[in-house]
Amino acid sequence: MKEFYEKVYKIVSKIPYGKVTTYGLIGEYIGVKSSARMVGYAMNHSHQLNIPAHRVVNRKGLLTGKHHFATPSLMKELLENEGLEVENDQIVNFKNHLWDPKSLDNKNLSSI
DNA sequence: AATTTGACCGAGG
DNA sequence: TCCTCGGCCAAAT
């Protein structure tokens, strides 16, 4: 079931600059809707990979995974560096910066 | 081998 | 928004 991780990494890698997404959306896109936990677990194993894990937050826009970065402030720094606003470990205007993996399909389906 | 825990989510109160 | 509960599956102990 390593494909699961591969998919997670793939999607996370496709998150546009300055955008964020949630574990639930990723899980939903992969197909394991109610296993958002696995997405987070996969992220935990993504330390050595070059994926923007800082663009993945929980549904509230809370930086729940910041403790797994090199430094707790790194996640916030990266997000702010991308033009986002982080306050009290939470993304400001979260919905405004939210990116849905399904938007990839929408591009492909735009011909329909 | 069994139990607990985890970068979670949704529903109900 | 906060609390609790059930679900989900893998890794750690």
Side-chain angles (χ1 to χ4, degrees):
Chain A
M1 276 281 195
K2 287 187 177 178
E3 294 183 4
F4 177 79
Y5 294 134
E6 300 268 338
K7 288 180 182 176
V8 173
Y9 302 145
K10 217 170 196 173
I11 294 174
V12 175
S13 303
K14 288 181 179 176
I15 301 176
Y17 181 95
K19 291 288 182 179
V20 293
T21 192
T22 72
Y23 302 95
L25 290 176
I26 295 174
E28 191 177 332
Y29 182 82
I30 293 177
V32 281
K33 181 183 174 186
S34 26
S35 295
R37 277 183 135 154
M38 299 301 96
V39 179
Y41 218 97
M43 299 308 297
N44 197 353
H45 286 264
S46 71
H47 280 299
Q48 58 184 20
L49 299 175
N50 291 341
I51 65 176
H54 58 279
R55 294 181 191 149
V56 183
V57 295
N58 73 350
R59 67 161 181 227
K60 300 172 198 166
L62 206 59
L63 277 53
T64 50
K66 69 178 218 166
H67 291 292
H68 294 271
F69 284 78
T71 63
S73 58
L74 181 61
M75 188 171 186
K76 180 183 173 186
E77 298 287 329
L78 290 171
L79 289 173
E80 288 182 340
N81 193 30
E82 297 191 0
L84 281 91
E85 303 172 61
V86 178
E87 188 168 316
N88 197 14
D89 294 344
Q90 189 170 235
I91 296 177
V92 182
N93 297 330
F94 171 56
K95 286 186 66 178
N96 196 30
H97 297 289
L98 183 58
W99 174 82
D100 197 327
K102 289 175 182 173
S103 62
L104 291 174
D105 286 352
N106 289 339
K107 287 184 179 179
N108 294 335
L109 297 174
S110 61
S111 59
I112 299 178

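Just so we're on the same page: letters track the sequence lines, and every chain starts at 1. Basis for what follows: all heavy atoms, side chains included, without hydrogens, waters or symmetry-related copies.
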Using the P atom as the point on both nucleotides, what is the distance between C:dC8 and B:dA1, in whole Å?
23 Å
Knowing that exactly one of A:Glu82, A:Lys76, A:Glu77 qualifies, which makes a side chain to side chain donor-acceptor pair (under 3.5 Å) with A:His54?
A:Glu82
Let's see if you can work this out: which of C:dA10, B:dC9, B:dA7 has an atom nearest to the side-chain heavy atoms of A:Arg59?
B:dC9
Any base atoms under 4.0 Å from A:Ala42, or only sugar-phosphate, or nothing? Heavy atoms, all strands.
nothing
Quick one: A:Leu74 CG to B:dA7 P, roughly how many Å, whole number?
17 Å
Which whole-number value in Å describes the distance from A:Tyr41 OH to C:dA12 C1'?
6 Å
Which nucleotide in the set B:dG10, C:dA11, B:dC8 lies at the smallest distance from any side-chain heavy atom of A:Asn58?
B:dC8
Nucleotide C:dA10, atom P - distance to NZ of A:Lys7 in whole Å:
13 Å
Expressed as a whole number of angstroms, how long is the span from A:His67:NE2 to B:dA7:P?
9 Å
Determine whether A:Gln90 and A:Val57 make a side-chain contact, defined as any pair of heavy atoms from C-beta on separated by less than 4.5 Å.
no
Given DNA chain C, 5'-ward residue of the pair A:Ala36 and A:His45, judged by closest heavy atom
A:Ala36
May I have the distance from A:Met75 (atom CE) to B:dA7 (atom P), rounded to whole angstrom?
12 Å
Look at the side chain of A:His68 and decide which nucleotide, out of B:dC9, B:dG6, B:dA7, has an atom nearest to it.
B:dA7
Please figure out whether A:Met38 or A:Gln90 has its closest DNA chain C nucleotide nearer the 5' end.
A:Gln90
Residue A:Arg37, side-chain atoms from C-beta onward, closest of B:dA7, C:dA11, C:dG7:
C:dG7
Here the gap from A:Leu98 atom CG to A:Ser103 atom OG, rounded to the nearest 0.5 Å, amounts to 9.5 Å
By nearest atom, which of the nucleotides B:dC8, C:dA11, C:dC9 is closest to the A:Tyr5 side chain?
C:dA11
Would you indicate whether the side-chain heavy atoms of A:Thr22 and A:Phe94 approach each other to under 4.5 Å?
yes
Send over the distance from A:Phe4 CZ to B:dA7 C1', rounded to a whole Å.
13 Å
Could you tell me the separation between the CG atom of A:Asn44 and the P atom of C:dC9, rounded to a whole number of Å?
19 Å
Closer than 4.0 Å, any side-chain N/O of A:Thr64 to the OP1 or OP2 of B:dC8?
yes
Mark yes or no for whether A:Tyr41, through its side chain, and A:Tyr5, through its backbone, hold a donor-acceptor pair below 3.5 Å.
no
Rounded to whole angstrom units, what separation is found between the CD1 atom of A:Ile30 and the P atom of C:dC9?
13 Å
